[in-house]
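To start, the structure itself, in structure tokens.
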Amino acid sequence: MKSKILPIISLFIAFSTCFNCSSEKVYQGIWDYEIFISQQDLHSGTFKLKKNGDSYTGIMVSKDLEETNIHNLTIEGNSMTMDIVLNHKIITISGKFKDDLFTGTGSYNGEEVTLTASRPIDQEGPIDHSKITYVLNDSDLNDYEKDIDHQGMIEAFDKNALKRGSLIYNSNCINCHGVPEVEGSIPNSLKFWAQPFKFGNDPYSMYQTITKGAGLMPPQMALTPQEKYDVITYIRETYIKDQNKTAYFNVDSEYLVNLPKGSSKGPESKPYHPWSDMDYGNFLINTYELVDSETGIKRFHSPGPRPYPDENYLKNNFAYKGIAVRLDEGPGGVSKGNAWMIFDHDLMRVAGGWTGEGFIDWEGILLNDHHETYPRTIGKLHFETPVGPAWADPETGSFQDTRFKARDGRRFGPLPKTWSHFKGIYHSGKNIIISYTVGKANILERLGMEKSGKQIIFTRTLNIEPSDKPLRMRVAPQGVKVEIKGEGASLTNSNGFVVLEIAKGKAASIKLFIAGADTSDLAKLVQNAPGPENLDKYLQGGKPQYNQEVVTTIVKGKEDGPIAMDQLTPPYENPWDSRLKLSGIDFLEDANIGVLCTTDGDIWSVKGLTDNTDKLHWKRIASGLFQPLGIKVVKDEIYVICRDQLVKLNDLNGDGETDFYESFNNDHQVTDHFHEFAMGLQTDQQGNFYYAKSGRHAREALIPQHGTLLKVSKDGAKTDIIATGFRAANGVCINPDGSFIVTDQQGFWNPMNRINWVEGKGKFYGNIWGYNPPKDTTRLGMEQPMAWIDMEFDRSPSELLWVNSKKWGPLDKGLLSFSYGYGKIQLVLHEKVQNQRQAGVVDLPGVKFLTGIMRGRYNPKDGDLYACGMSAWGTSQNMKGGEFYRLRYTGKPLSVPIALSAEKDGMVLTFASKLDAVKTEDSSNFEVQTWELLRSHKYGSKRYNTKTLDISKVRVAEDGKKVKLMLPDIAPIDIMKITYKVTDSQGNELKGKIQNTIHHLKEARTTE
């Protein structure tokens, strides 16, 4: 039983054991103990005693290796009294030793406490390393390995080592070794929680195995000595100590004194920053604030109470759809550069250029995991342009911003298409070409730099087609030095800006040179610099940037239950240090090939899904996109929903890599708020696209698109709002009749998670902090959810999916709900009563993931379910950053109901298997609880008016599959929980919990 007070586990570092010739009994050393409180709470762990002359001192250590001193410790004869700390309270224990056992009692909160302790059993000594054949010899190791203080490093293990070790294990070791719940990608890898160690189980031996490699274990040369001992700590304390006790080595002074005691801990471990270590390619789209690290505006967030008031960000330079482009040469992409510019594709402006050691500060929930923030540039900001249209409206000649104006005074969304329109990004080698229109003129632009000594000169190369109207562009504020080279355009000063002018009917091929006011001899540098290029040569596709293929394995799952789960190992180890936070999946027409997107902007293809080779061939086909959270293949063309646009990926030269990131639709209204994800991507039978856009978390909406279900026409020309009032609708499901299902998350004005069946257009689904909500804040002012989902069942539902596979037997045509919050899949049992949808959910048995699950698709070739997921904010399943699975129905007995019906005299559950009627009709096999929710501006809701309903009778229908629970007090209710334990006709025990919502009751019917 888990402790509710203070979990305490064994510490494997002991003080020296005293051996003397005195007849006095010595109790120094390690003692394993258990504390019982009222036979309900069990605390297990160790304390260690050290004798100092005639007195003793002692220490206890918690599960996370946090030490607490034992106070007032007295040992006289065979009696001991001590004060220990539980949950920050002192408890006095008194008792007696008998040989190597101690029994004591005390009082805690008025209840009796019993503590029993024993000395650890003797163990075998450390293994003889000279008899092991390691992969590497001592001469192959780094020089610092010769002087490592192994004794001191082992003795210094603490809670921080455990925490660091967790990151290392779950980033590296888990891929091969797995966890108890899910096997690793190499099944023969040592299972620390269940198997004996071949090459030594003491910390020093484990260090040698990690360092030199032995058997199937390769040497881990990239880990520092501290990192190796950190992960050893984590493995020992998490997996060996409690689950593989015979393999746990108790460290004592005799062991420690025989270890090498050098003078070094080796090189310092690098911080774990996967977001900045990743090679994103030479561009990365995001929302950025441009600031100078020394002179820029300080960050400001409005304080509570919630909803937080709007900040005054009118002077802040946000590029809400910023394409950050690396300008200097070198490997590693934007994150490893030293000079950058940002192109804002809402306004067709270059927002600014900067240099420095470091790209951005990485603040953001999908970057460094920080909440309620956004990334900023770091370093020296050489120039910037204010938020507003860069090009004048060709029809009026005006620069006045006419876009949607929010109540805080800011304007959001793209310029009207007749004014200017972003077409996409060409990627040719490392060359990034931005394509857009102004009026009827097509424009290609390349951002670059020139260097003169220590001076950085930012350049913009533009190829501009003739226009039927004069064109004018604000390049930079006056005071910024600007020069031009090329033909067809000129520079002038106007209203505080340096303005580029192109005459009507004239084409232009120019190169702009932009520098800060402190730059000298710009004109001379321009004279010697190369002129503008013809950018057309970059529009056919270039050499692939990501031509390395990564091969991984498929690990087949056990088939002892109804659902077998195969692990399709993602390419965790890849040349670009890409994080595999998988957020969407679909299949090409050759369904042996899948495509997946990640939240960090990657798109990967994977081959080998259905060819039975158990090998997967992964290729990175695109990168740099803005938080992709959905992907859809239409006629073998790949579409990706991002926060800033719906992107179509185009391979122009057939090398399998994206050469043109086509902006299929960029009507998205994007603000700086971290929470407004664009999630899920589906198409209807007519070819229209659908996705959902989240609201602002603890703030009121600023734009009409906040908290909405959105439709993009099949040609990408326009976007319509289908439904409003969502907080965080993680994905979209299109129903067979053309309606939708959209989930939502517990929060402000949302007492609990929701599953919403969306029919028609223009309806409101509850979030009063959405845009232009109804005045009626009661439930009457909103559409009712198909089901409220209590936090016990799911803390964060993602997307739903209709089962479309005959291989799935009784589940075919059923409805599944993926859980991002708890990493599982639920079967949704839905019905329509009095024109209102209502439903219940029940967990699919034996399905548990290491991440939250985001999306799933049925493969049309093999009929299996493929699901992908990730870990970030808001999920309890964070063992891995991302995962990919195949789920197969085995045909074994299914323990869950497949249908549910609420009637005026009770609930009807329909099972897939025939039940044993005699055993099932015992009402003690069932429990029915109900409770209500309170909808308010507060976050979530407690359970109100909780009841346990009387079950007057249980009836089993003649077919043996339908069970009716007769409930005299049944009534419409927010939450009902049915706990069941029944037996099928084959003697299999079927048990589980169903949670459902009842809006209306059907007329009572007898079970048939």
Check whether any side-chain N or O of R446 sits under 3.5 Å from a backbone N or O of T461 as a donor-acceptor pair, and report yes or no. no
N666 versus H421: any side-chain heavy-atom pair under 4.5 Å? yes
Could you check E533, E450, E483 and say which one makes a side-chain hydrogen bond (donor to acceptor under 3.5 Å, both in side chains) with K511? E450
Straight-line distance of I433 CD1 to F660 CZ, nearest 0.5 Å: 11.5 Å
Kindly assign one of parallel, tilted or perpendicular to the pair F318 and Y320, based on the angle between their ring planes and the thresholds 30° and 60°. parallel
If only side-chain N and O atoms count, and only distance matters, is there a donor-acceptor pair under 3.5 Å linking Q645 with S663? yes
Do any N or O atoms from the side chain of S605 and from the backbone of V595 form a donor-acceptor pair under 3.5 angstrom? no
Counting neighbours of CD on E487 that are heavy atoms of other residues, nucleotides or ligands and sit closer than 6.0 Å, is the number greater than 12? no
Donor-acceptor contact below 3.5 Å, side chain K469 vs main chain G439: no
Specify whether W340 and W354 have parallel, tilted or perpendicular ring planes, treating 30° as the upper limit for parallel and 60° as the lower limit for perpendicular. parallel
N/O donor-acceptor pairs under 3.5 Å from side chains in residues 630-641, not counting sequence neighbours:
{"from": "D636", "atom 1": "OD1", "to": "E589", "atom 2": "N", "distance (Å)": "2.7"}
{"from": "E637", "atom 1": "OE1", "to": "K648", "atom 2": "NZ", "distance (Å)": "3.4"}
{"from": "E637", "atom 1": "OE2", "to": "K648", "atom 2": "NZ", "distance (Å)": "3.1"}

Heavy atoms from other residues, nucleotides or ligands near CD of Q686 exceed 12 (cutoff 6.0 Å): yes
Give a yes or no on whether the backbone of S520 and the side-chain of Q455 come within a donor-acceptor separation of less than 3.5 Å. yes
Do the rings of W618 and W604 sit parallel, tilted or perpendicular, given the 30° and 60° boundaries? perpendicular
Heavy-atom count check: over 12 atoms from other residues, nucleotides or ligands less than 6.0 Å from K336 NZ? yes
Quick one: do R376 and E363 make a salt bridge, cutoff under 4.0 Å? no
Please examine the side chains of D651 and I621, heavy atoms only from C-beta on, and report whether any two atoms are closer than 4.5 Å. no
Any ion pair linking D310 and R696 (charged N to carboxylate O, less than 4.0 Å)? yes
Between R407 and A701, is there a donor-acceptor pair closer than 3.5 Å when you use the side chain of the first and the backbone of the second? yes
I703 backbone acceptor or donor facing Q669 side chain under 3.5 Å: no
To the nearest 0.5 Å, tell me how far R472 CZ sits from W391 CH2. 11.5 Å
Using modelled atom types and a 3.5 Å cut-off, is there a donor and acceptor pairing between side-chain atoms of N650 and backbone atoms of L652? no
Side chain Y280, main chain W275, donor-acceptor under 3.5 Å: yes
So for atom NZ, which belongs to K524, do other residues, nucleotides or ligands contribute more than 12 heavy atoms lying within a distance under 6.0 Å? no
Shortest non-hydrogen contact from V482 to V498? CB-CG1, 3.9 Å
Decide whether a cation-pi geometry holds between R299 and Y374; the criteria are a distance under 6.0 Å from NZ or CZ to the six-membered ring centre and an angle within 45° of the ring axis. yes
Between E657 and K619, is the side-chain contact (heavy atoms from CB on, under 4.5 Å) condition met? List the steps. CA-CA 9 Å; E657 194 169 299; K619 180 174 175 56; 4.1 Å; yes
Would you find a donor on one side and an acceptor on the other, under 3.5 Å apart, between the side chain of N431 and the backbone of H427? no
List the residues meeting salt bridge (Lys or Arg N to Asp or Glu O under 4.0 Å) with D715, not counting sequence neighbours, and say none if there are none. none
